[in-house]
Amino acid sequence: MTRSELVERLSAKFPQLARDTEFAVREILDAMVNALVRGDRIEIRGFGSFSINYRPPRAGRNPKTGEKVHVPAKHIPHFKAGKELRQRVDTGKDQE
């Protein structure tokens with residue numbers, strides 16, 4: 001699902017909030033991004049948690065040529081699904 005699809009679904013489900021839906025989705029996602037940039041952890045009960053993982057520098061290989069390439073250190077976002085989300089996905093139950 002893309003951001004625009006999420007906005008469309010929410011607008012259809014809550015027509016009285018149609019004009020504010022895009023703004024609300026943008027603000028929520030921006031707040032999450034800003035929290036991760038600060039190094040904070042985000043936990044949404046029943047859904048999952050987002051955190052930042054550090055990957056140290058390493059020597060990699062170019063798969064095409066096989067030559068060694070230096071891969072710099074980086075911080076990457078990490079998502080871990082919550083128990084309720086894992087169970088719902090496993091059973092295939094939709095809650096719309």
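Values below: all heavy atoms of this structure, side chains included; hydrogens, waters and symmetry mates excluded. Along the sequence shown, the residues carry numbers beginning at 1. It should be emphasised that the depicted structure is a prediction, and the values quoted were computed from it without experimental measurement.
Here the closest heavy-atom approach between residue Arg41 and residue Ser49 is recorded as NH2-OG, 3.3 Å. What you find for Leu85 and Phe79 is that their closest heavy atoms are CD2-CZ, 4.0 Å.
Listed for the Arg55 side chain is no donor-acceptor partner under 3.5 Å among the backbone atoms of His75. A donor-acceptor pair is defined here as one N or O able to donate and one able to accept, closer than 3.5 Å; such a pair exists between the side chain of Glu5 and the backbone of Thr2. Remark: side-chain polar atoms of Asp40 are not paired, donor with acceptor, to backbone N or O of Leu36 under 3.5 angstrom.
Annotation: side chain of Ile76 is not in contact with side chain of Ile52 (no heavy-atom distance under 4.5 Å). Side-chain atoms of Arg3 and Glu22, non-hydrogen and from C-beta on, never get closer than 4.5 Å to each other. Residues Arg9 and Met1 form a side-chain contact, since some pair of their non-hydrogen atoms from C-beta on lies under 4.5 Å apart. By the 4.5 Å heavy-atom criterion applied to side chains, Thr21 and Phe14 are not counted as neighbours.
Linking ILVMFWY residues whenever their side-chain heavy atoms come closer than 4.5 Å, directly or via other members, places Val25 and Phe47 in the same cluster. Leu6 and Val89 fall within the same hydrophobic cluster, defined by Ile, Leu, Val, Met, Phe, Trp and Tyr side-chain heavy atoms under 4.5 Å apart, directly or through other members.
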Where do Glu67 and Arg61 land on the side-chain contact (heavy atoms from CB on, under 4.5 Å) test, with the steps shown first? CA-CA 6 Å; Glu67 73 178 273; Arg61 289 201 179 270; over 6 Å; no
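Atoms CZ and CG, on Arg19 and Leu17 in that order, are 10.0 Å from each other to the nearest 0.5 Å. The structure places CZ of Arg86 at 13.5 Å from CZ of Arg88, a figure rounded to the nearest 0.5 Å. The distance from the CE atom of Met32 to the CD1 atom of Ile42 is 4.5 Å, given to the nearest 0.5 Å.
The pair Arg45-Glu43 meets the salt-bridge criterion, since a charged nitrogen lies less than 4.0 angstrom from a carboxylate oxygen.
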